[in-house]
J.: 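Sharing a structure here in structure tokens format.
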Amino acid sequence: MSKKLVLIDGNSIAYRAFFALPLLNNEKGIHTNAVYGFTMMLMKILEEEKPTHILVAFDAGKTTFRHKTFSEYKGGRQKTPPELSEQFPFIRELLTAYGIAQYELENYEADDIIGTLSLLAEKEGFDTKVISGDKDLTQLSSDKTIVNITRKGITDIEEYTPDHIKEKYGLTPIQIIDMKGLMGDASDNIPGVPGVGEKTAIKLLKEYGSLEKLMESLDQVSGKKLKDKLVEFKDQAIMSKELATINRQAPIVIELSELEYEGAENEKLVKMFKELGFNSLLDKLDTDVTETIELEDMKYKQIDTVDQDIFAKENGFYVEILEDNYHYADIVGFAIVNETGHYYLPVKTALASEAFKKWAEDESSQKIVYDAKRSEVSLRHHGIHLKGAEFDVALASYILNPSESPDDLAAIARQHGFLIVQSDEAVFGKGAKRKIPEETKLAEHLVRKADVLVALKEKLEQDLWDNDQHDLFSSLEMPLSLVLADMEYQGVKLDTVRLENMGEEIKSRLAEIETKIFELAGEQFNINSPKQLGVILFEKLGLPVAKKTKTGFSTSADVLEKLASKHKIIEEILNYRQLGKLQSTYIEGLQKIVNKETNKVHTRFNQALTATGRLSSTDPNLQNIPIRLEEGRKIRQAFVPSEKDWVIFAADYSQIELRVLAHIAGDEKLIDAFRNDMDIHTKTAMEVFHVGKEEVTSNMRRHAKAVNFGIVYGISDYGLSQSLNISRKEAGEFIERYLESYPGVKEYMDEIVKDAKAKGYVQTLLHRRRYIPEITARNFNLRSFAERTAMNTPIQGSAADIIKKAMIDMAERLREEGLKTRLLLQVHDELIFEAPQNEIERLKKIVPEVMENAIDLKVPLKVDFSYGPTWYDAK
DNA sequence: GAGTTCACGC
DNA sequence: GACGTACGTGAACTCA
């Protein structure tokens with residue numbers, strides 16, 4: 001077996017982690033961000049590299065042999081912040097728990113230890129991986145040694161092989177040292193030659209090979225200024241090179257055999273993680289760790305005959321279904337935990353029991369559940385209408401922190417310190433190996449889950465109160481889960497014949513286009529392969545390369561569109577892509593998932609996923625059915641009412657996000673515009689371009705529309721420049737002018753960012769929160785992104801709140817009025833119903849009324865609606 | 001099976 | 001001065 005050595009630059013990685021992550025605190029107020037980042041990195045390395053040997057090297061003390069050469073080496077460097085210093089002991093302890101060797105050496109830096117050991121390892125036939133945040137280490141790269149340098153954060157790395165260095169700099173690894181000697185390194189206070197930067201250094205080295213050879217041939221150097229500098233600073237350059245050279249002969253007294261990695265002491269790790277408050281990392285430890293810890297015996301009773309006395313007023317109730325599509329999956333078992341005891345109910349027993357059904361449908365018997373909607377829908381397939389599910393742990397967790405909400409009950413439990421239940425993956429396995437274990441194991445697992453539900457409710461409910469989010473939970477998300485359950489269970493009818501005909505037509509058109517493309521290309525290839533397509537377009541046909549992805553040429557639509565005038569093949573390819581998308585995703589995709597007996601599709605709305613509070617939709621995703629291009633829009637002709645002579649009735653909010661913005665920001669002009677029901681894009685164009693209504697050109701309006709779009713989605717100047725195909729500078733100016741035009745909005749944007757920095761989160765009108773820790777990041781990108789998130793989330797999230805409220809109100813209103821109309825879908829700002837003809841007139845009044853009055857804002861909400869025999873016609 | 005690229009909606 | 005830039009789902013390809 002081959003030997004694999006991993007060498008980690010401990011100080012460098014700790015620094016990286018510290019600066020990449022916000023200052024986390026554990027319960028005792030100890031800073032833990034560097035330890036956390038370090039741990040993440042370690043876990044990743046261990047998993048990906050699977051080393052046989054491993055060592056973490058640290059710098060020892062303040063001075064090294066390099067200071068003898070140059071006393072100002074690393075001078076001017078900022079002192080290590082105390083918040084980081086205090087974390088080193090924990091990192092050391094962590095490494096001990098992992099059973100990973102550590103080493104430091106008086107007078108030497110971690111670099112030198114790593115350099116020395118990697119040289120030794122090469123001689124002994126190891127494959128070595130060096131991990132650092134310091135690019136200096138790349139000089140160690142060789143055919144046996146790969147150097148990984150962290151790029152941003154701590155887990156994103158760039159891999160330096162000799163080939164990669166050649167490609168990136170045109171140099172060999174050894175020449176990296178020469179480059180450093182010439183250009184210096186501000187961070188280490190290595191002077192180099194003034195006026196020589198990376199570009200010049202590379203040029204010189206490509207020509208002369210090394211610093212020494214360059215110095216020998218100084219007279220040949222072109223450019224007087226450069227030559228003078230090189231002459232003047234010759235000694236300084238040579239010294240700089242010396243400083244930058246890693247010592248590969250350090251007097252280390254440790255042997256490679258001592259670095260053998262035998263695995264972590266899991267119990268120590270679990271203990272440490274708990275102390276440090278790394279609950280989320282506990283999850284990532286080997287599953288057998290969570291199996292062994294603190295799992296006290298679970299006493300439970302298996303129920304063979306359901307009797308009233310196993311029920312109480314408040315019950316933890318867990319419904320287990322293994323597959324994720326609960327519309328088609330079987331229930332695997334139930335568990336109930338309450339003050340009377342712990343019970344496991346086999347599926348057959350429960351479903352055959354009248355007592356069970358009666359209890360499940362009893363509103364007054366409260367159930368604490370995990371994923372209410374999932375439980376409701378699956379029970380309904382067995383004729384049981386779950387009632388009294390008053391606390392959904394998954395939804396509560398999501399509301400408390402939508403970004404961190406795990407998708408497994410055990411993980412939520414762990415997050416809150418309850419280590420009494422295993423992960424589903426540990427019990428059922430994952431992927432192809434997922435299966436139901438023997439019944440006692442299953443029973444115990446389910447009972448534990450029901451048990452932890454009860455414990456979690458207590459904790460989560462308190463947290464909801466503390467955050468002033470209880471109302472959002474109990475009056476919005478909980479009732480909404482019932483509405484969504486109805487929608488999903490009801491499903492949407494498809495005209496499968498229509499779908500099939502469209503498929504046939506597209507198929508033949510695709511074949512035609514394919515022939516044309518092959519003719520134009522002069523050969524056959526897979527058009528769907530970006531790789532092959534790239535070769536054809538940019539190598540064979542020699543079209544100009546505008547953009548590259550990390551694996552090759554970019555062939556995305558925006559790139560291709562710019563090439564359209566250069567070759568006839570482009571248009572065909574874009575056409576092929578568009579039709580291919582319709583065929584594979586929509587026609588075939590829907591055909592795959594439609595219920596063959598009922599011709600209905602039953603989507604699942606994920607109510608606990610997005611960071612903003614929007615819903616998402618899967619299997620099929622009915623929130624991205626084409627509409628923009630007529631060609632694709634025709635897909636909507638296949639969406640029809642499920643009953644004869646009914647219609648599809650669609651109602652959408654007009655500019656809900658911008659209206660919300662007007663309200664939140666309290667911007668006079670924006671409020672005024674909406675009160676007067678103006679065309680908001682025209683209005684914005686008037687403001688931004690300082691023109692009258694009549695002078696707004698279609699191009700101005702288009703630009704204004706894109707800026708409004710940008711505000712709603714929180715895109716950057718770069719994003720705006722992409723969508724308008726203008727420069728980033730121009731895009732930035734547009735945004736600035738927008739903010740000048742709407743001073744209230746500008747003020748809001750400034751305030752919300754300040755607020756987010758102070759509180760660490762932002763919130764919506766109905767108190768939905770989103771935590772934005774990166775808002776204090778030192779990294780410009782992370783911080784900018786966080787700032788845009790802070791500005792955008794209250795807008796988009798409040799809009800999501802409002803339509804959710806409208807859905808609940810709508811369901812209630814339909815019930816009150818005894819209408820047969822059914823709500824089928826929600827697509828972020830629109831609701832789609834199916835309705836009998838004779839209810840249309842009522843709906844025309846009720847739907848806008850309910851939707852527009854879902855909340856009271858400083859501006860009116862406006863709803864447009866339409867209806868027709870198919871979804872296509874409801875436009 | 002995981003990661004990448006592309007494309008659809010809001 | 002560079003970084004890599006709304007979110008979500010799904011398909012096909014590619015590599016291991």
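Order of the sequence lines sets the chain letters (A, B, ...), proteins ahead of strands, with each chain counted from 1.
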J.: Below 3.5 Å, does any donor atom in the side chain of A:Arg614 face an acceptor in the base of B:dG9, or the other way round?
T.: no
J.: So, A:Glu477 and A:Arg768, do they make that salt bridge, N to O below 4.0 Å?
T.: yes
J.: So, A:Phe734 versus A:Tyr738, ring centres under 6.0 angstrom or not?
T.: no
J.: Any side-chain N or O of A:Ser556 less than 4.0 Å from the OP1 or OP2 oxygen of B:dT5?
T.: no
J.: Look at A:Gln722 and C:dA6 and indicate whether a side-chain polar atom (N or O) is within less than 4.0 Å of OP1 or OP2.
T.: no
J.: Indicate whether OP1 or OP2 belonging to C:dA6 is found under 4.0 Å from a side-chain N or O atom of A:Ser716.
T.: yes
J.: Using a strict 4.0 Å threshold on nitrogen-to-oxygen distance, state whether A:Glu159 and A:Lys129 make a salt bridge.
T.: yes
J.: Would you indicate, yes or no, if C:dC15 has its OP1 or OP2 atom less than 4.0 angstrom from a side-chain nitrogen or oxygen of A:Lys531?
T.: yes
J.: Check whether any side-chain N or O of A:Thr585 sits under 4.0 Å from OP1 or OP2 of C:dT9, and answer yes or no.
T.: no
J.: Between A:Arg628 and B:dG9, does any side-chain N or O lie under 4.0 Å from OP1 or OP2?
T.: yes
J.: Can you see if the side chain of A:Ser616 gets near the phosphate of C:dT9 - specifically, an N or O under 4.0 Å from OP1 or OP2?
T.: yes
J.: Please check the phosphate of C:dA11 (OP1 and OP2 only) for any side-chain N or O of A:Asn528 closer than 4.0 Å.
T.: no
J.: Once the angle between the rings of A:Tyr160 and A:Tyr169 is folded into 0 to 90°, is it parallel (under 30°), tilted (30 to 60°) or perpendicular (over 60°)?
T.: parallel
J.: Can a side chain N or O of A:Thr551 be found less than 4.0 Å away from OP1 or OP2 on B:dT5?
T.: yes
